[in-house]
Amino acid sequence: MKEVILCKYGEVILKGANRSDFEAKMLKQLRQRARRIGNYKIYYSQSTVYIEPLDEDSIENIDEMFYQAKHVFGFVGVSRAFACEKNIDTILEVVKTELAPKLKGYKTFKAESKRSDKRFPMTSPEISNEVGGAVLSSVPGIKVDVRNPDVIVRVEIRENEAFVHAGQEKGAGGIPYGSSGRGLLLLSGGIDSPVAGYMMAKRGVQLEAIHFESYPYTSERAKEKVLDLAKALTNYTMRLRVHVVSLTKIQELLRDNCEEEYFTLMLRRYMMAISLKLAHDYDCEAIITGESLGQVASQTMKAINVTNSMTDIPIFRPLIGMDKEEIVRIARQIGTFETSTLPYEDCCTVFTPRHPKTRPELEKVIEEQNRLPFEELVKEAYETKEIIVVKQFGENKFE
Ligand code: ATP
Ligand code: MG
């Protein structure tokens, strides 16, 4: 039985003059993914995008295409429809044999029909009536409820075929990837930063990522873990460029020259300065972190201000008001949680102070900073940068 995939627009419907730009991005992203899977026709009609397989292989790989469609930002619902010949007997047969098994467990339903081919010899209410009857006779215990049904069974009579479907799965939501400009994600191996990246990507930010390592204090495996997290994000972004910068020298110098309780704050100022430089070089208009207010000593309001004051572009902290529990729920949903909780060291955990400052004063921070040639060290660290392009389809590429 041939199936097609239907993707329902979300917020994009509300867009005015530039709606077509948004639509073009969503279609492009579906097409890029489809190309990897098979031969699909993808087109738009009445707030829905249709994905039709054009050959046997593509029909066979429809599960994979469905998975892809659920990861494209901008669609709120994705469903699968059976495509069949445009005559009422065939349609009813499909409802009874293909659709009915999927409707088990629902208590109430409503049938709806749409005829874009007006030559079809029945009106929409007549079709709905027949279809409703077929559902009632083939799904034990189900009842009609036209006001508040658990599921809507839909029949669409289109130009060449009829589509029969029921129920839809949640789409990725948000607005199209890349429609809000570019942002630089500070990606650690923890639970929070991948979630922060996902949340901003969902709001249309095209991601660039930077990861700080401290080899040999941090291991090769710790870096691979971060690349695995980046890989999980490519379910949504298709590809993600990860810049890996070494902080080893800076950390050793800080250990030997800086007051212990200021160590983490100083490190964060270096991270921010290096990130800013990269953001400028790669046209990123914002920096994204996984900070959540009060979670650790470096995320108190005062500590956040110590790094905040350094930048001339906004820092987005989508998790700022979220509890760990809420963050973990999203991490599980986007498939990063398992990797994030693998026990590898992060550069932030190398030489951590026993009593980090929670209420630092900026003046004192600057004094600490001036013990070392800040700008020079930032520049030197930036030069250690290596680039790894992580792709959803295919191997990582080292540039
Ligand atoms: P996460 O779970 O994301 O590691 P965290 O709770 O461990 O966060 P911190 O270590 O204070 O918090 O880091 C705060 C934010 O700083 C992170 O969410 C991330 O955006 C950034 N960050 C921390 N360490 C690194 C790193 N090694 N490389 C890149 N960014 C980092
Ligand atoms: Mg961390």
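Nothing here was measured: the structure is a model prediction, and the numbers come from that model.
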Are more than 12 heavy atoms from other residues, nucleotides or ligands located less than 6.0 Å from atom [atom1] of [X]?
X: Lys379; atom1: NZ; answer: no
X: Met310; atom1: CE; answer: yes
X: Lys28; atom1: NZ; answer: no
X: Glu325; atom1: CD; answer: no
X: Lys364; atom1: NZ; answer: yes
X: Lys324; atom1: NZ; answer: yes
X: Glu56; atom1: CD; answer: no

* Asked: Can you list the steps and then say if Lys25 with Glu23 is a salt bridge (charged side-chain N to carboxylate O under 4.0 Å, His left out)?
  -> CA-CA 5 Å; Lys25 284 206 162 64; Glu23 290 177 343; over 6 Å; no

* **Expected output: side-chain Asp150 to main-chain Lys107 donor-acceptor under 3.5 Å** => yes

* Quick one: does Thr300's side chain have a donor or acceptor within less than 3.5 Å of a partner on Arg359's backbone? -> no

Please say yes or no: joined through hydrophobic side-chain contacts below 4.5 Å, possibly via intermediate residues, are [X] and [Y] part of one cluster?
X: Phe163; Y: Ile59; result: no
X: Leu233; Y: Met238; result: no
X: Val244; Y: Phe212; result: no

Considering all heavy atoms of both residues, which atom of [X] and which atom of [Y] are nearest to each other, and what is their separation?
X: Ile210; Y: Ser275; result: CG2-OG, 3.9 Å
X: Ile91; Y: Ala162; result: CD1-CB, 3.8 Å
X: Gly178; Y: Gln206; result: CA-CB, 4.1 Å
X: Gly167; Y: Val151; result: N-CG2, 3.6 Å
X: Leu185; Y: Ser193; result: CD1-O, 3.5 Å
X: Ala111; Y: Val131; result: CB-CG1, 4.2 Å

Measure from NZ or CZ of [X] to the centre of the six-membered ring of [Y], then state whether that distance is under 6.0 Å and the direction lies within 45° of the axis.
X: Arg115; Y: Phe120; answer: no
X: Lys104; Y: Tyr106; answer: no
X: Arg158; Y: Tyr50; answer: yes

Reported [atom1]-to-[atom2] distance for the pair [X] and [Y], which is rounded to 0.5 angstrom:
X: Ile5; Y: Glu52; atom1: CD1; atom2: CD; answer: 11.0 Å
X: Cys284; Y: Glu208; atom1: SG; atom2: CD; answer: 5.0 Å
X: Leu184; Y: Arg241; atom1: CG; atom2: CZ; answer: 10.5 Å
X: Ile250; Y: Met271; atom1: CD1; atom2: CE; answer: 9.5 Å
X: Thr339; Y: Lys231; atom1: OG1; atom2: NZ; answer: 12.0 Å
X: His71; Y: Thr234; atom1: NE2; atom2: OG1; answer: 10.0 Å

* To do: Verify ring-ring contact (aromatic ring centres under 6.0 Å, His included) between Tyr236 and Tyr177, making sure each step is shown before the conclusion.
  => CA-CA 8 Å; Tyr236 296 95; Tyr177 186 62; 9.3 Å; no

* **Criterion salt bridge (charged side-chain N to carboxylate O under 4.0 Å, His left out) on Glu112 and Lys114, from CA distance to verdict** => CA-CA 7 Å; Glu112 275 184 9; Lys114 202 157 68 187; over 6 Å; no

Are any of the side-chain heavy atoms of [X] and [Y] separated by less than 4.5 Å?
X: Val78; Y: Phe66; value: yes
X: Val12; Y: Pro176; value: yes
X: Asn39; Y: Pro53; value: no
X: Thr248; Y: Thr384; value: no
X: Asn305; Y: Leu362; value: no

* To do: Before giving the answer on salt bridge (charged side-chain N to carboxylate O under 4.0 Å, His left out), spell out for Arg268 and Glu291 the whole-Å C-alpha distance, their side-chain angles and the decisive distance to 0.1 Å.
  => CA-CA 12 Å; Arg268 296 199 65 78; Glu291 289 161 307; 3.5 Å; yes

* Give the C-alpha distance, both sets of side-chain angles, the deciding distance and a yes or no for salt bridge (charged side-chain N to carboxylate O under 4.0 Å, His left out) between Lys86 and Glu161. => CA-CA 5 Å; Lys86 288 194 309 187; Glu161 292 163 303; over 6 Å; no

* Asked: Between His355 and Glu260, do the side chains contain an N or O donor and an N or O acceptor separated by less than 3.5 Å?
  ->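 No.
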
* To do: Would you check if there is a donor-acceptor pair between the side chains of Glu386 and His243 at a distance under 3.5 Å?
  => no

* To do: Verify ring-ring contact (aromatic ring centres under 6.0 Å, His included) between Phe22 and Tyr9, making sure each step is shown before the conclusion.
  => CA-CA 10 Å; Phe22 284 79; Tyr9 279 11; over 10 Å; no

With a 4.0 Å cut-off on N to O distance, would you call [X] and [Y] a salt bridge?
X: Arg182; Y: Glu285; answer: no
X: Arg203; Y: Glu11; answer: yes
X: Glu220; Y: Lys225; answer: no
X: Glu399; Y: Lys397; answer: yes

* Verify side chain to side chain donor-acceptor pair (under 3.5 Å) between Gln251 and Ser214, making sure each step is shown before the conclusion. => CA-CA 8 Å; Gln251 289 194 278; Ser214 195; 2.4 Å; yes

* Please collect all ring-ring contact (aromatic ring centres under 6.0 Å, His included) contacts where either partner lies in residues 370-399, sequence neighbours excluded, each pair once. => Tyr270-Phe374

* Step-by-step side chain to side chain donor-acceptor pair (under 3.5 Å) determination, Asp192 to Gln295 -> CA-CA 11 Å; Asp192 304 332; Gln295 195 189 76; 3.2 Å; yes

* If you group Ile, Leu, Val, Met, Phe, Trp and Tyr whenever their side-chain heavy atoms sit less than 4.5 Å apart, what else falls in with Tyr215? ->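 ILVMFWY cluster around Tyr215 holds nothing else.
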
* Run through Ile191, Val195, Ile288, Leu293 and flag the one making a side chain to side chain contact (heavy atoms under 4.5 Å, CB included) with Leu319. =>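 Only one of Ile191, Val195, Ile288, Leu293 forms a side chain to side chain contact (heavy atoms under 4.5 Å, CB included) with Leu319, namely Val195.
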
